[in-house]
Protein chains: 2
Amino acid sequence: MIRNTRQRTAVNAVFEELEGFHSAQEVHARMRAAGDSIGLSTVYRAVQALVDDGELDSIRTDAGEAIYRRCSTRHHHHLVCRACGRTEEVEGPAVERWADRVAGEHGFVDVTHTLEIFGTCAACHRAGATTETP
Amino acid sequence: MIRNTRQRTAVNAVFEELEGFHSAQEVHARMRAAGDSIGLSTVYRAVQALVDDGELDSIRTDAGEAIYRRCSTRHHHHLVCRACGRTEEVEGPAVERWADRVAGEHGFVDVTHTLEIFGTCAACHRAGATTETP
DNA sequence: CCCGCAGTCGACAACAGTTCTCACATGCTC
DNA sequence: GAGCATGTGAGAACTGTTGTCGACTGCGGG
Ligand SMILES: [Mn+2]
Ligand SMILES: [Mn+2]
Ligand SMILES: [Zn+2]
Ligand SMILES: [Zn+2]
């Protein structure tokens, strides 16, 4: 039986206030800084539970760190700025169909996929362009 | 100046004989078992160098482990069996165009993407189906 | 050839992220 | 409220990976 605890509620609340992706460690530090008493293990358990419930979406950084974000329920993917971390949710029914089709053609069943797009957002590109100019 | 060493040659050779994705640790263990003397750090450095040279492709497992595979040079994606790890390389020009276009529409430049498809391959599905039947 | 040395090796320590342990605390049901 | 399954958290343990540093070696120049 799943129980309502102060800690779980608080972790949930953090992701309500926060935009974009955040790691468990960051959430933990943030809560501690705000005066919330909570253990790191508990944060890990809480985000895992939220992922299992489909309330958080998780991706892995190149460095191997898991980061989490409250997501809309529709299936979508992420467009992530390499420089500032800003993320946009994008959808592409054509991609979904393509993935399912190509997997089916190879005899695969029970198909899922992961798709992330990375780039430099307009703002960061502008900033980079001005600082890079000699 | 990059030097030719017995160890780098050996790691390269392992990926020549091996199909599919393999972790640095697995490669290290495999070499040790075969009587090859090599340090784990060296394996990590070697695979990293091969990735930098574009000779190996690397993806990250859900568990956060980096796995490597000798890849064809064309841009492609992977269809991976959850059960046995068998992988197929797949291509989809439409997906490439879609990713670039949607990123461009959001003002992103210097765009890359990652796309992996997961499923159960036909063989594993058959095996699973028979064992699951009561 | 062999010298010299930058590049490389590898045992080991250090790190980072995550999970486990277990004594203790606390929601929930009755 | 009492009982108890469930959750908590400090710390240890674990995992994959990278850093350290003295020893070693490929290789271009002498
Ligand atoms: Mn999709
Ligand atoms: Mn692609
Ligand atoms: Zn940006
Ligand atoms: Zn399979």
Side-chain angles (χ1 to χ4, degrees), chain A residues 1-15 18 20-53 55-69 80 85 114 116, chain B residues 1-15 18 20-53 55-69 78 80 85 87 114 116:
Chain A
M1 205 254 163
I2 274 93
R3 204 179 283 175
N4 279 339
T5 64
R6 171 180 65 80
Q7 292 89 340
R8 286 214 258 257
T9 308
V11 169
N12 206 334
V14 168
F15 280 99
L18 245 41
F21 286 95
H22 305 274
S23 69
Q25 311 233 20
E26 182 194 337
V27 168
H28 179 244
R30 204 177 272 268
M31 295 176 77
R32 281 290 181 90
D36 252 343
S37 156
I38 187 171
L40 179 57
S41 311
T42 302
V43 174
Y44 273 108
R45 286 188 286 243
V47 294
Q48 196 47 61
L50 290 168
V51 168
D52 292 346
D53 288 0
E55 302 211 35
L56 293 187
D57 203 19
S58 103
I59 65 177
R60 229 171 236 283
T61 66
D62 274 355
E65 189 179 25
I67 51 180
Y68 308 86
R69 172 187 183 174
V80 184
T114 66
E116 307 292 336
Chain B
M1 206 254 164
I2 274 95
R3 200 180 288 176
N4 280 339
T5 65
R6 170 179 65 79
Q7 292 89 341
R8 285 214 258 258
T9 308
V11 169
N12 207 335
V14 168
F15 280 99
L18 244 43
F21 285 94
H22 305 275
S23 70
Q25 311 232 20
E26 181 195 338
V27 168
H28 179 245
R30 203 178 272 269
M31 296 177 75
R32 282 289 182 90
D36 252 343
S37 155
I38 187 170
L40 179 58
S41 309
T42 302
V43 174
Y44 272 107
R45 285 187 287 242
V47 295
Q48 196 47 61
L50 290 167
V51 168
D52 292 346
D53 287 0
E55 302 211 34
L56 293 187
D57 203 20
S58 101
I59 64 176
R60 223 170 242 282
T61 66
D62 274 355
E65 188 179 26
I67 51 180
Y68 307 86
R69 173 187 184 175
H78 295 110
V80 184
T87 63
T114 66
E116 309 292 336

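Computed from a predicted model, the values in this text were never measured in an experiment. Just so we're on the same page: letters track the sequence lines, and every chain starts at 1.
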Between C:dT18 (C1') and B:R60 (CZ): distance, integer Å: 13 Å
Under 3.5 Å: donor-acceptor pair, side chain of A:H22, backbone of A:F15: no
Value rounded to 0.5 Å, distance of CD in A:E26 from CD1 in A:I67: 9.5 Å
Touch class at under 4.0 angstrom, heavy-atom based, for B:Q25 against every strand present: base
Residue pair A:I38, A:V11: steps toward the side chain to side chain contact (heavy atoms under 4.5 Å, CB included) verdict: CA-CA 9 Å; A:I38 187 171; A:V11 169; 3.8 Å; yes
Under-4.0 Å side-chain N/O to phosphate OP1/OP2 contact, A:R6 with D:dG9: yes
Check: B:T42 and B:T5 side chains under 4.5 Å, non-hydrogen atoms: no
Inter-end axis angle, the helix from C:dC1-D:dG30 to C:dC30-D:dG1, with every axis fitted to five base pairs (rounded, 10 degrees): 30°
Nearest-0.5 Å distance, CG of residue A:N12 to CG of residue A:D53: 9.0 Å
Length of the line joining A:E65:CD and D:dG16:P, which is rounded to integer Å: 17 Å
Point-to-point distance, once rounded to the nearest 0.5 Å, from CD of A:E116 to CG of A:D62: 11.0 Å
For nucleotides 19-21 of chain C, which of its nitrogen or oxygen atoms have a protein nitrogen or oxygen under 3.5 Å away, and what is each distance?
| from | atom 1 | to | atom 2 | distance (Å) |
| --- | --- | --- | --- | --- |
| C:dC20 | N4 | A:S41 | OG | 2.8 |

Sugar-phosphate only, base, or nothing, as touched by A:A63 at under 4.0 Å among non-hydrogen atoms: nothing
Sugar-phosphate only, base, or nothing, as touched by A:S23 at under 4.0 Å among non-hydrogen atoms: nothing
Phosphate OP1/OP2 of D:dG9 contacted by A:Q7 side-chain N/O (<4.0 Å): yes
Protein-nucleotide distance (A:H28, atom NE2; D:dG11, atom C1'), rounded to Å: 13 Å
Length of the CD1-P vector between B:I38 and C:dC12, whole Å: 17 Å
Integer-rounded Å distance: D:dT17 P and A:D62 CG: 13 Å
Donor-acceptor contact present, side-chain B:R8 to main-chain B:L50, <3.5 Å: no
Taking only nitrogen or oxygen atoms into account, show me every contact under 3.5 Å that the protein makes with nucleotides 27-30 of chain D, one pair per line with its distance.
| from | atom 1 | to | atom 2 | distance (Å) |
| --- | --- | --- | --- | --- |
| D:dC27 | OP1 | B:N4 | N | 3.1 |

Presence of B:R8 side-chain N/O under 4.0 Å of D:dG26 phosphate oxygens OP1/OP2: no
Sidechain-backbone polar pair: A:R69 side chain, A:I59 backbone, donor-acceptor under 3.5 Å: no
From CD (B:Q48) to OH (B:Y68), nearest 0.5 Å: 5.5 Å
